[in-house]
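Index from 1, following the sequence. Keep in mind it's a predicted model, so treat the numbers as computed, not measured.
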Amino acid sequence: AVVSTQSTGEHKAEKKREISCASCREVVLWKTLDHHQTQQCVKRLIACGKCKVKVPFSGKQDHDQNVCVRRLVKCQHCGVNIASVNLAGHETSKCPRRPSQCELCSETVVRVELEAHQRSSCSKRVVECDLCKDRVVADMLSKHMNVCPKQLIICKLCEKIMKLECWFDHLHEFEHLIKQFPNIPVECDACSEHVLATSLKSHKEFDCPYRNVECDLCKSTYPANDLESHKRNSCPKVKCDLCFELVFREKSNSHRLQCPKRVVECEDCGENIIADEITIHSERICKYREVKCALCSTGVRLRMMEAHQRSWCAKRLVKCPNDCRERITAEQLSKHRENCASRLITCENMCRRIQARFLDDHMIVCPGRIVECETCGEEMKYKYLPAHLNMSCPARHVECESCGNEMKYKQLPEHMHLYCPGRYIECETCGKEMKYKELSVHMFLHEICQTMKLLMIMLLSFAIYYYYFFSKLGYDLPFFIQK
């Protein structure tokens, strides 16, 4: 019961404990923290009902009015409420009251009124003259009316009303007056200038600034003093200053990009060329154009042709590097070098490198060829044969150094050991070494010495015998015994 009371007290204390909100830093009770974070905290995140983006509660109003991409904003042209994300596209391409530029007069009008503007109020629209039915630009209509051949004028001479196109025919009726009064001043009904009656016709045809002249571009009729202005500003056709071709004014910019007389850059050499000559330039003149090599028919740039035919062309004639004096095409050079009679090849006996054409002759005298020793029959390289015959051939003839006799080398050891009279042997009697040929003399001397020893022994024995014999008899010894 005590534990239960203690835990209940701790629970109540826990509920009354205050804590700071992690978002707004406001101090609230622990038990109300969840409610505060979800319902009361000014910095809690809530989802925008239009764009579904989560924003702080305190910035919700500003988001709805200024930031939300789905908020409704009023189009400045038509006043229709449009979602903010679609406003730019609406104002530039969909709004019926967006400002648009007239293609004829470049005036800015409301889009929905553009068609009516071009049809009825555009100063550059083409209208029909009510009198002559010619089609002229609207802002030039008033000037056209001054020179319209169908307008009614009053002759200053006879005060007769007539059409302007009949004026010159009418003047012929008054030629007799002009002949009678050639110096009478008359007023030009177009420019109001006073000229002599005799000069009126030429003035009307050539000098009057208000005379009707035909625009050589659009073939419409305009006063002479307005013709240049018409050509420069309002004529629907203009003359290209490059090719002098007549084109519509609104297409003049696109024509300049396609004009056959425009200057274009050659893609190969970078030189500036007139457009309609670029094909001829590329095919006949350009030094960087691709042409076929006369030898191998490969496409090569012209400026590289000389180097190509000198260094790279597979059909160019080249000298054999083996100096065989034969000229062959470069593509056949590797095959030629394999079969060239002057190529250097190694002798089969590995003695040296030699030109192929001399190989057969070389093999006859090659020092490395295999030959057979005529004496002993052993096979060896020719270059070793002299040394073999002089030093190692067992059947070569050699001279015994002791006796000077000639014999085969293989018989020399046996000869030296058994038969050579000049070999050294040891005397069996005295142990002295001497040549075999001196042995007989030496042995003879040994026999003489032995005989002498025997004689001396015999003489000594005889002397002793006589000594005793004479001494007992009392005779004097012979002198030789005494001695």
Student check: side-chain heavy atoms of Cys366 and Lys381 closer than 4.5 Å: no

From NZ (Lys143) to OG (Ser229), nearest 0.5 Å: 6.0 Å

Heavy-atom closest contact (Arg97 atom, Val110 atom, distance): CA-CG1, 3.2 Å

Sequence neighbours excluded and cut-off under 3.5 Å, please list the side-chain donor-acceptor pairs for residues 266-279, or say none.
| from | atom 1 | to | atom 2 | distance (Å) |
| --- | --- | --- | --- | --- |
| Asp268 | OD1 | Arg301 | NH1 | 3.3 |
| Asp276 | OD2 | Lys261 | NZ | 3.1 |

Backbone of His90 reached by a side-chain donor or acceptor of Ser93 within 3.5 Å: no

Derivation and outcome, side-chain contact (heavy atoms from CB on, under 4.5 Å), residues Val238 and Val247: CA-CA 6 Å; Val238 294; Val247 293; 3.8 Å; yes

Salt bridge Asp139-Arg125, side-chain N to carboxylate O under 4.0 Å: no

Whether Arg369 side chain and Val365 backbone form a donor-acceptor pair below 3.5 Å: yes

pair Glu193-Cys208: side-chain heavy atoms closer than 4.5 Å: no

Neighbour count above 12 (heavy atom, 6.0 Å) for Arg98 CZ: yes

Exceeds 12 heavy-atom contacts within 6.0 angstrom, atom NZ of Lys231: yes

More than 12 heavy atoms of other groups within 6.0 Å of Arg327 CZ: yes

Donor-acceptor under 3.5 Å (Arg289 side chain, Glu283 main chain): yes

Arg343 atom CZ, over 12 foreign heavy atoms within 6.0 Å: yes

Verdict with reasoning, Glu379 to Val371, per side-chain contact (heavy atoms from CB on, under 4.5 Å): CA-CA 6 Å; Glu379 289 186 347; Val371 294; over 6 Å; no

Side-chain donor/acceptor pairs under 3.5 Å, residues 313-322, sequence neighbours excluded:
| from | atom 1 | to | atom 2 | distance (Å) |
| --- | --- | --- | --- | --- |
| Lys315 | NZ | Glu331 | OE2 | 2.5 |
| Arg316 | NH1 | Ser311 | O | 3.2 |
| Arg316 | NH1 | Cys313 | O | 2.6 |
| Arg316 | NH2 | Ser311 | O | 3.0 |

Shortest non-hydrogen contact between Leu242 and Arg262, atoms and distance: CD1-CA, 3.8 Å

Note, Leu385 side chain near Glu372 side chain (heavy atom, < 4.5 Å): no

Residue pair Cys102 / Leu114: nearest heavy atoms and the distance that separates them: CA-CD1, 4.0 Å

Where Arg111 and Cys95 come nearest, the two heavy atoms and their spacing: CB-O, 4.3 Å

Cation-pi geometry met for Lys239 and Phe244 (6.0 Å, 45°): no

Step-by-step side-chain contact (heavy atoms from CB on, under 4.5 Å) determination, Glu214 to Asp216: CA-CA 6 Å; Glu214 186 181 68; Asp216 56 351; over 6 Å; no

Other residues, nucleotides, ligands: >12 heavy atoms within 6.0 Å of Lys335 NZ: no

Distance in Å, His117 NE2 paired with Cys105 SG, rounded so as to fall on 0.5 Å steps: 3.5 Å

Heavy-atom closest pair, residues Leu302 and Lys287: CB-O, 3.3 Å

Intermediate values then yes/no, side-chain contact (heavy atoms from CB on, under 4.5 Å), Met380 and Ile370: CA-CA 5 Å; Met380 66 197 71; Ile370 303 299; over 6 Å; no

Approximate separation, where rounding is to 0.5 Å, of Gln309 CD and Thr298 OG1: 10.5 Å

Flag, side chain of Arg135 to backbone of Val127, donor-acceptor distance under 3.5 Å: no

Pairwise distance CG(Asn339) to SG(Cys324) - rounded to 0.5 angstrom: 11.5 Å

Min side-chain heavy-atom separation Cys218-His230 under 4.5 Å: yes

Flag side-chain contact, heavy atom, 4.5 Å: Pro96 against His77: no

Summary of side chain to side chain donor-acceptor pair (under 3.5 Å) pairs that have at least one residue in residues 100-110, sequence neighbours excluded: none

Non-hydrogen side-chain atoms of His255 and Asn253 separated by less than 4.5 Å: no

Nearest-0.5 Å distance, SG of residue Cys129 to NE2 of residue His144: 3.5 Å

Intermediate values then yes/no, side-chain hydrogen bond (donor to acceptor under 3.5 Å, both in side chains), Thr329 and Gln332: CA-CA 5 Å; Thr329 59; Gln332 296 175 345; 3.2 Å; yes

Gap between atom CG of Asp134 and atom SG of Cys148 - 0.5 Å precision: 7.0 Å

Heavy-atom pair with the smallest gap, counting every atom of His308 and Cys296: NE2-SG, 3.4 Å

Donor-acceptor contact present, side-chain Arg249 to main-chain Cys235, <3.5 Å: yes

Side-chain heavy atoms of Leu359 within contact of Ile354, under 4.5 Å: yes

Any donor-acceptor N/O pair, Arg211 side chain to Phe206 backbone, under 3.5 Å: yes

